[in-house]
Amino acid sequence: MTRARTDVEQVELANTAFYEALERGDFDGVSDLWLDAADLADAETYAGTPDTGTDPGADAGTSPEVSPIIPVPVPVPVPVPLTDPDDGDLHDTDDTDHGSDGPAISCVHPGWPVLTGRGEVLRSYALIMANTEYIQFFLTDLKVSVAGDTALVTCTENILSGGPAPEDSEELGPLVGQLVVATNVFRRTPDGWKLWSHHASPVLADSGDDEDDETPS
């Protein structure tokens with residue numbers, strides 16, 4: 001078996017382990033699958049060139065062409081409220097290594113802003129787990145690409161989830177189905193492949209408005 005094939009299989013296993021830990025509500029398992037300070041010792045982050053307010057085309061006597069930006073409303077799921085639960089089950093992410101709290105790792109949940117830094121990313125998962133009674137992932141369209149010590153995984157997350165049970169009831173809250181496309185970036189470490197970035201985006205349902213309503217003769 002070639003090393004390339006072995007790498008693809010190991011990345012796929014790491015990707016599966018990530019979703020299985022989420023299904024179990026295993027915060028420690030999720031935490032172990034994200035890069036930490038030691039893994040990112042050689043990482044560098046570029047935050048972009050600061051905006052000085054000057055027109056780069058002014059000195060050349062030309063005006064830069066600017067294309068109009070047309071906002072398009074896109075419905076997104078409502079994110080989980082960023083509040084601590086009252087039951088005390090939330091793991092304290094302050095126990096994580098603060099030296100790894102820089103912007104080297106990132107995560108985007110559907111409908112959320114970009115989260116950067118290990119502490120912020122792990123806190124989001126702790127809050128999601130605390131506010132989700134049940135969740136299950138059925139992965140489809142899975143593709144794995146490996147280039148050196150970096151791997152890219154794309155997949156469709158078919159999600160079935162339920163919130164906390166209603167008061168005075170032992171039943172689960174209403175189950176909700178959701179379709180999400182995800183991109184997971186992994187990096188090779190001495191302890192195996194670990195997540196560098198996760199980006200999930202909701203798939204908009206087809207309304208069928210474009211279909212021809214005419215009845216064929």
Side-chain angles (χ1 to χ4, degrees), residues 1-49 79-80 82 84 89-132 135 137 139 141-157 159 180-201:
M1 182 178 293
T2 65
R3 175 179 175 179
R5 179 58 183 169
T6 302
D7 286 343
V8 168
E9 292 177 349
Q10 291 177 348
V11 171
E12 185 174 355
L13 288 174
N15 189 71
T16 300
F18 170 62
Y19 287 101
E20 289 179 345
L22 288 175
E23 291 180 338
R24 296 193 306 270
D26 181 2
F27 177 81
D28 292 333
V30 171
S31 176
D32 290 342
L33 285 164
W34 280 91
L35 295 171
D36 57 26
D39 301 322
L40 293 167
D42 61 344
E44 296 182 3
T45 300
Y46 175 65
T49 303
V80 175
L82 292 178
D84 291 343
D89 290 338
L90 175 61
H91 290 259
D92 186 0
T93 55
D94 289 340
D95 292 337
T96 59
D97 185 357
H98 286 285
S100 62
D101 204 31
I105 69 173
S106 65
C107 178
V108 177
H109 301 295
W112 289 47
V114 179
L115 304 177
T116 56
R118 182 176 168 85
E120 191 172 344
V121 169
L122 293 183
R123 174 176 168 78
S124 74
Y125 281 106
L127 291 171
I128 289 174
M129 291 177 185
N131 287 276
T132 305
I135 190 167
F137 295 89
L139 303 183
D141 307 318
L142 181 69
K143 296 180 180 179
V144 181
S145 300
V146 178
D149 292 333
T150 304
L152 180 68
V153 178
T154 58
C155 62
T156 299
E157 301 174 359
I159 307 172
V180 171
V181 289
T183 299
N184 297 325
V185 181
F186 287 84
R187 180 172 174 176
R188 191 198 309 272
T189 76
D191 297 323
W193 292 91
K194 292 187 180 183
L195 274 163
W196 195 347
S197 179
H198 169 75
H199 190 128
S201 177

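Positions are given from 1, in the same order as the sequence printed here.
The closest side-chain heavy-atom distance from Trp193 to Val146 is below 4.5 Å. No side-chain heavy atom of Thr16 sits under 4.5 Å from any side-chain heavy atom of Leu13. Contact annotation: the side chain of Thr154 approaches that of Lys143 to within less than 4.5 Å [non-hydrogen atoms, C-beta and beyond]. Contact check for Val185 versus Thr150: side-chain heavy atoms found under the 4.5 Å cut-off. Contact annotation: the side chain of Val108 never approaches that of Leu115 to less than 4.5 Å [non-hydrogen atoms, C-beta and beyond]. Proximity of Asp36 to Thr189: side-chain heavy atoms (C-beta onward) are nowhere separated by under 4.5 Å. Using a 4.5 Å cut-off on side-chain heavy atoms (C-beta onward), Asp39 and Arg187 make no contact. Inter-residue side-chain proximity for Trp196 and Leu40 is flagged as met; some heavy-atom pair is nearer than 4.5 Å.
In the model, Thr116 has no side-chain atom that pairs as donor or acceptor with a side-chain atom of Ser106 under 3.5 Å.
Side-chain N or O atoms of Arg118 include one that pairs as donor or acceptor with a backbone N or O of Trp34 at under 3.5 Å. Distance alone, capped at 3.5 Å, is enough to place a donor-acceptor pair between the Ser124 side chain and the Val121 backbone. Between the side chain of Glu23 and the main chain of Phe137, a donor-acceptor pair closer than 3.5 Å is present. Asn131 places no side-chain N or O within 3.5 Å of a backbone atom of Ile128 that could act as its donor or acceptor partner.
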task = Decide side chain to side chain contact (heavy atoms under 4.5 Å, CB included) for Phe27 and Met129; before the verdict, give the C-alpha distance in whole Å, the side-chain angles of both, and the deciding distance to 0.1 Å.
result = CA-CA 8 Å; Phe27 177 81; Met129 291 177 185; 4.1 Å; yes
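Taking OG of Ser31 as the reference point, atom CG of Leu195 lies at 11.5 Å (rounded to 0.5 Å). Annotation: the span from His198 atom NE2 to Phe18 atom CZ amounts to 5.0 Å, rounded to 0.5 Å. Rounded to the nearest 0.5 Å, atoms CG (Leu22) and CG (Leu33) are 9.0 Å apart. Here the straight-line distance linking atom CG of Asn15 with atom CD of Gln10 works out to 13.5 Å at 0.5 Å rounding.
In this structure, Val114 and Glu120 approach most closely via the heavy-atom pair O-OE2, 4.3 Å. Among all heavy-atom pairs drawn from Val180 and Ala200, the shortest one is CG1-CB, 3.5 Å.
Residues satisfying the side chain to side chain donor-acceptor pair (under 3.5 Å) test with Asp141, not counting sequence neighbours, are Thr156. In this view, His109 and Trp112, Tyr125 satisfy the ring pair (Phe, Tyr, Trp, His ring centres under 6.0 Å) rule, not counting sequence neighbours. The side chain to side chain donor-acceptor pair (under 3.5 Å) test applied to Arg188 returns Asp7, Asp149, not counting sequence neighbours.
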